[in-house]
Amino acid sequence: QVQLVESGGGLVQAGESLRLSCVASGGYRINDMGWYRQAPGKERELVATITREGDTTYADSVKGRFTISGDVVKDTVYLQMNSLTPEDTSVYSCNAGVTLSYYGGKYYPEGYEYHYWGQGTQVTVSS
């Protein structure tokens, strides 16, 4: 299995910055990694993703403020968050995608795409 260790969350004031880090381990070849967030009572939403090739995707709400980057050798992904607002307050979780040959007791010759999740790190932005 893939283990994800997140760090960098905390309490900041509006307009300040934070950088989240996520380190993956477990020996799997990771295809992509990303950051998601979920506030109390709300559904989990995509923040940003990055593929092994370096392609990135961002939620409209964070474009121009957040930057996702990664180190393929270290299996590490970062999320630089600038100009934070109270609306960014949430639990941010790291995600890593791998291709499995077996899942749920079944064999997948072409592979089964599975995503592991980290425990999440709290980001709180005060006014």
Side-chain angles (χ1 to χ4, degrees):
Q1 62 180 268
V2 174
Q3 297 178 355
L4 303 175
V5 180
E6 301 146 310
S7 62
L11 173 63
V12 297
Q13 294 184 339
E16 295 183 339
S17 300
L18 282 174
R19 191 180 80 151
L20 306 182
S21 299
C22 176
V23 181
S25 62
Y28 284 88
R29 182 183 186 276
I30 298 175
N31 301 321
D32 52 77
M33 297 183 71
W35 290 97
Y36 294 74
R37 65 186 181 185
Q38 185 171 27
K42 296 184 178 181
E43 297 182 349
R44 191 195 305 270
E45 65 173 341
L46 166 73
V47 177
T49 62
I50 184 169
T51 69
R52 192 178 186 87
E53 293 70 35
D55 299 320
T56 59
T57 301
Y58 294 94
D60 290 338
S61 60
V62 305
K63 288 181 179 178
R65 298 188 299 119
F66 292 8
T67 302
I68 188 171
S69 61
D71 187 330
V72 67
V73 176
K74 297 181 178 180
D75 279 342
T76 302
V77 67
Y78 307 94
L79 184 67
Q80 178 66 45
M81 305 184 294
N82 299 327
S83 301
L84 287 165
T85 72
E87 287 68 37
D88 295 316
T89 295
S90 186
V91 174
Y92 286 72
S93 299
C94 180
N95 174 280
V98 302
T99 302
L100 305 177
S101 297
Y102 288 89
Y103 182 76
K106 297 182 179 179
Y107 174 60
Y108 296 85
E110 299 181 354
Y112 184 92
E113 299 299 320
Y114 186 84
H115 288 80
Y116 290 89
W117 293 91
Q119 77 286 353
T121 183
Q122 178 70 47
V123 172
T124 303
V125 184
S126 63
S127 301

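Keep in mind it's a predicted model, so treat the numbers as computed, not measured.
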Pair up each side-chain donor or acceptor in residues 27-35 with any protein partner under 3.5 Å, not counting sequence neighbours, and list the distances.
residue: Arg29; atom: NH1; partner: Asn31; partner atom: OD1; Å: 3.3
residue: Asn31; atom: ND2; partner: Thr99; partner atom: OG1; Å: 2.8
residue: Asn31; atom: ND2; partner: Glu113; partner atom: OE1; Å: 3.3
residue: Asp32; atom: OD1; partner: His115; partner atom: NE2; Å: 3.4

Side-chain atoms of residues 79-86: list all donor-acceptor pairs with protein atoms under 3.5 Å, sequence neighbours left out, distances to 0.1 Å.
residue: Gln80; atom: NE2; partner: Asn82; partner atom: OD1; Å: 3.0
residue: Asn82; atom: OD1; partner: Ser17; partner atom: OG; Å: 2.9
residue: Thr85; atom: OG1; partner: Glu87; partner atom: N; Å: 3.3
residue: Thr85; atom: OG1; partner: Glu87; partner atom: OE1; Å: 3.2
residue: Thr85; atom: OG1; partner: Asp88; partner atom: OD2; Å: 3.4

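Judged as a ring pair (Phe, Tyr, Trp, His ring centres under 6.0 Å), and not counting sequence neighbours, Tyr58 has no contacts. Under the rule for a side chain to side chain contact (heavy atoms under 4.5 Å, CB included), the partners of Glu53 that lie at least two apart in sequence or sit in another chain are Thr51, Asp55. Judged as a side-chain hydrogen bond (donor to acceptor under 3.5 Å, both in side chains), and not counting sequence neighbours, the contacts of Thr124 are Gln122. Judged as a salt bridge (Lys or Arg N to Asp or Glu O under 4.0 Å), and not counting sequence neighbours, the contacts of Asp60 are Lys63. Partners of Tyr108 according to the ring pair (Phe, Tyr, Trp, His ring centres under 6.0 Å) rule, which considers only residues two or more places apart in sequence or in another chain, are Tyr112.
Between the Thr121 side chain and the Tyr92 main chain, no donor and acceptor come within less than 3.5 Å of each other. Formation of a donor-acceptor pair under 3.5 Å by the Gln1 side chain with backbone atoms of Gly26 is not found in this model.
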Subject >> Verdict with reasoning, Arg37 to Val62, per side chain to side chain contact (heavy atoms under 4.5 Å, CB included) >> reply: CA-CA 12 Å; Arg37 65 186 181 185; Val62 305; 4.2 Å; yes
**OP:** Apply side chain to side chain contact (heavy atoms under 4.5 Å, CB included) to the pair Val2 and Asp75, showing each step before the final yes or no.
**Re:** CA-CA 11 Å; Val2 174; Asp75 279 342; over 6 Å; no
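Other members of the cluster containing Val73 are Val72, with ILVMFWY side chains joined at under 4.5 Å, either directly or via other members. By the 4.5 Å side-chain criterion applied to Ile, Leu, Val, Met, Phe, Trp and Tyr, Tyr107 is assigned to a cluster that also includes Tyr102. Hydrophobic cluster of Trp117: the remaining members, joined at side-chain heavy-atom separations below 4.5 Å, are Tyr36, Leu46, listed by chain and number.
Cluster annotation: Val23 and Val98 are assigned to distinct hydrophobic clusters (Ile/Leu/Val/Met/Phe/Trp/Tyr, side-chain heavy-atom contacts under 4.5 Å, transitive). Linking Ile, Leu, Val, Met, Phe, Trp and Tyr residues whenever their side-chain heavy atoms come within less than 4.5 Å leaves Tyr116 and Tyr78 in two separate clusters. The hydrophobic cluster containing Val123 also contains Val12, counting ILVMFWY residues as joined when their side-chain heavy atoms lie under 4.5 angstrom apart, directly or transitively.
Contacts classified as disulfide bond (SG atoms under 2.5 Å apart) and involving residues 22-107 (residues at least two apart or in different chains) are given here: Cys22-Cys94. Residue pairs meeting the disulfide bond (SG atoms under 2.5 Å apart) criterion with at least one partner in residues 96-127, sequence neighbours excluded, do not occur; the list is empty.
In terms of heavy atoms, Val91 sits closest to Gly120 at CG1-CA, 3.9 Å. For Leu4 against Gly118, the heavy-atom pair with the smallest separation is CD1-N, 3.5 Å.
Here CD of Glu45 is found 7.0 Å from OG of Ser90. Values are rounded to the nearest 0.5 Å. The line from CG of Leu20 to CZ of Phe66 is 8.0 Å long, rounded to the nearest 0.5 Å.
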